[in-house]
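Worksheet for the structure shown next.
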Amino acid sequence: MFKKNNYISLAEKGGKKPEVPEGLWKKCNVCKAAILAQDVKDGGYICPKCHNYFRIDTRQRIRMISDEGSFQEWDVGLQTKNPLHYKGYEEKIRMLQEKTGLDEAVVTGSVMIQGIKTAVGICDSRFIMASMGEVVGEKVTRMVERATKEKLPVILFACSGGARMQEGIISLMQMAKTAAALKRHSDAGLLYLSVLTNPTMGGVTASFAMLGDVILAEPGALIGFAGPRVIEQTIGQKLPEGFQKAEFLLEHGFIDRIVERKELKITIAKILLLHQKRKVPAIEKWEGKEVKSDMKPMVSAWERVQQSRRKDRPTGRDYIKHLFTDFIEFQGDRCYKEDKAILGGVAEFQGIPVTVIAQEKGGNTKESIVHNFGMPSPEGYRKALRLMKQAEKFGRPVVCFVDTPGAFCGVEAEERGQGEAIARNLLEMSNLKVPVLSIVIGEGGSGGALALAVADEVWMLENSIYSILSPEGFASILWKDSKRAKEAAGIMRLTAEDLRRMNVVEQVIPEEVNFSKECMEKVGRKLEKSIRAFLGKYQNMTVEELIEHRYERFRKY
Ligand SMILES: [Zn+2]
């Protein structure tokens, strides 16, 4: 006889364990409501009362995300060994094999998702809480290796109590083995999409689950390294509500998005599509002509400063919406926090996948608070860099929209290395191996702006500004009187026109009269045309030419 607890790992002991009810009527084990089993099944295995996500088995998961009948299973029949000669382990495995019809806790293979072939691995919690022993590690590794060879993306649905205790140190080694295989897959320029489901814990979190280029999670999923019960016992305190839930991880910058089950297939398909190798559509040759701006005469620098700060000016996301299609936001720095002052992700520009990164001020007071008035923290710059390195891996051009009064100035920002984060971006952007375009759309405030503007070209909207410091700050430092900002603006040479003349920017984008969110057609058309030309020019350069050009662009100052 086996005691049930012998076969679940430490991490899994904490928290509620919702199971799909069997039979006609069952109780949801979270809200205790009586629910019709058929309703649960039809609703994507979600409790119709409390919206709790039930665990789903492999077969259901495959049906939910893949094109019908497209699944082909790989590497069946690997033998589970018993390296510790753990009493009763073989019998337990045999019993589970019979009960579940699975050979082990992960199923691997290939599927088509909206016509795109991908390698896939799905953990099944019915099998010793999908803990990772040798066979699980081996199947994941073989799947990743085969995907590398066949140039396929990898999708892994993680759900695990962690490393399998019954196989001891051999289980621990699976963490290194799977990570190493994923490194090779990544170095081959291939996409790895990790989907975290309830629960993803321990050695699985600390290996393949957290290594996705893109990490999605199901709502409410428990995700962590140490289990909540273990942490509570260690620190002798109760953990706050929502601790280690998917929403907590999103806020702390560790996952890109939380995706509802019903949206999962379409979201995955969209991400796969944006990462497909495709021929870049032919773009007309760069005309190289100087752009004449129809600037209105006698507009003072101070008036431009005020224009650049107007509340009804389009913000980063307005440009993203206007110029690109299929934008999908990716969040988090994978380190500390998600910073809403910077918005980033992947989108298409006229059939070309691009990475877009925008400083976002928000449209009204409430939004401005959420976006910290467009003043990024170190984690915002680190997220931007993460997305740029991802763009480099997948050969996507990067388009940045600059609009910040400056990097956030505060105690926490200093503690987490604001200066280091900005410096790191300058360093890495200087030799990013893909074209980079930065467009100043409002305020280009100091180092906080430059950290997104080490680009092949920098453009400015006619009424945007770009400067070493705000005019108020300039007047305050040099004249000890911030009220002389207007006068400072007059001598700082911070207007688009000034900066074009000084060769700090390549293009000035003329604004229509009363340019605003509601009225950005003309600017949009101009930008579209110019971005096309930009891509035509820089995508045809070799990596060496591109980096040399960018180096010289800044070397000349
Ligand atoms: Zn419920």
Side-chain angles (χ1 to χ4, degrees), residues 1-20 22 29 54-59 73-108 121-143 156-181 197-209 222-234 244:
M1 277 305 289
F2 311 106
K3 270 204 268 154
K4 193 171 171 262
N5 276 354
N6 285 353
Y7 295 96
I8 53 176
S9 69
L10 266 181
E12 196 267 335
K13 285 178 186 165
K16 286 173 178 150
K17 292 171 281 171
E19 305 287 348
V20 179
E22 283 163 25
N29 58 345
F54 295 111
R55 285 182 199 155
I56 57 176
D57 67 33
T58 305
R59 210 164 350 113
E73 193 168 357
W74 295 351
D75 301 306
V76 192
L78 272 64
Q79 284 296 312
T80 304
K81 295 174 201 125
N82 189 1
L84 302 186
H85 306 291
Y86 192 84
K87 199 162 162 273
Y89 186 49
E90 282 110 336
E91 291 85 339
K92 175 77 179 174
I93 294 289
R94 258 199 308 280
M95 189 268 281
L96 282 169
Q97 285 171 337
E98 262 168 49
K99 194 177 156 201
T100 62
L102 303 169
D103 59 353
E104 251 287 359
V106 72
V107 170
T108 59
I122 298 155
C123 301
D124 197 311
S125 63
R126 293 172 302 167
F127 210 105
I128 318 186
M129 235 356 267
S131 55
M132 175 162 67
E134 189 203 340
V135 172
V136 170
E138 183 65 20
K139 285 181 83 171
V140 168
T141 302
R142 286 189 192 190
M143 184 265 287
L156 266 164
F157 288 87
C159 162
S160 180
R164 190 172 295 171
M165 296 303 146
Q166 293 85 342
E167 292 183 31
I169 192 81
I170 299 300
S171 293
L172 193 73
M173 294 303 119
Q174 305 310 314
M175 294 165 64
K177 185 168 97 180
T178 51
T197 72
N198 189 42
T200 300
M201 299 301 290
V204 165
T205 300
S207 62
F208 67 80
L222 185 73
I223 302 156
F225 181 59
R229 193 87 41 98
V230 175
I231 300 174
E232 281 186 342
Q233 280 166 6
T234 309
Q244 292 182 315

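FYI, the numbering just counts along the sequence from 1. For the numbers below, each heavy atom of this structure counts, side chains included, while hydrogens, waters and symmetry mates do not.
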Q) Quick one: which of Glu104, Glu90, Gln97 gives a side-chain hydrogen bond (donor to acceptor under 3.5 Å, both in side chains) with Thr80? A)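 Of Glu104, Glu90, Gln97, side-chain hydrogen bond (donor to acceptor under 3.5 Å, both in side chains) with Thr80 is met by Glu104 alone.
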
Approximate separation, where rounding is to 0.5 Å, of [X] [atom1] and [Y] [atom2]:
| X | Y | atom1 | atom2 | result |
| --- | --- | --- | --- | --- |
| Ser207 | Leu172 | OG | CG | 9.5 Å |
| Phe54 | Asn29 | CZ | CG | 6.5 Å |
| Met129 | Cys123 | CE | SG | 9.0 Å |

What closest approach, in Å, do [X] and [Y] show between heavy atoms, and which atom pair accounts for it?
| X | Y | result |
| --- | --- | --- |
| Gly224 | Thr205 | O-OG1, 2.9 Å |
| Ser125 | Cys159 | CB-SG, 3.6 Å |
| Ser160 | Ala130 | OG-O, 2.6 Å |

[Y] backbone acceptor or donor facing [X] side chain under 3.5 Å:
| X | Y | value |
| --- | --- | --- |
| Asp103 | Gly77 | yes |
| Thr178 | Gly137 | no |
| Thr200 | Ile223 | no |

Check whether any side-chain heavy atom of [X] sits under 4.5 Å from a side-chain heavy atom of [Y], and report yes or no.
| X | Y | answer |
| --- | --- | --- |
| Phe127 | Val107 | no |
| Met175 | Met132 | yes |
| Trp74 | Met143 | yes |
| Gln244 | Pro199 | no |
| Gln174 | Val136 | no |
| Lys177 | Glu138 | yes |
| Leu78 | Lys139 | yes |
| Thr100 | Asp124 | no |

Q: Starting from the C-alpha separation in whole Å, work towards a yes-or-no answer on side-chain contact (heavy atoms from CB on, under 4.5 Å) for Arg55 and Arg126.
A: CA-CA 9 Å; Arg55 285 182 199 155; Arg126 293 172 302 167; over 6 Å; no

Q: Please lay out, stage by stage, how Arg164 and Tyr86 fare under the test side-chain hydrogen bond (donor to acceptor under 3.5 Å, both in side chains).
A: CA-CA 12 Å; Arg164 190 172 295 171; Tyr86 192 84; over 6 Å; no

Q: Evaluate side-chain contact (heavy atoms from CB on, under 4.5 Å) for Ile128 paired with Ile93, printing each intermediate quantity in order.
A: CA-CA 9 Å; Ile128 318 186; Ile93 294 289; 3.8 Å; yes

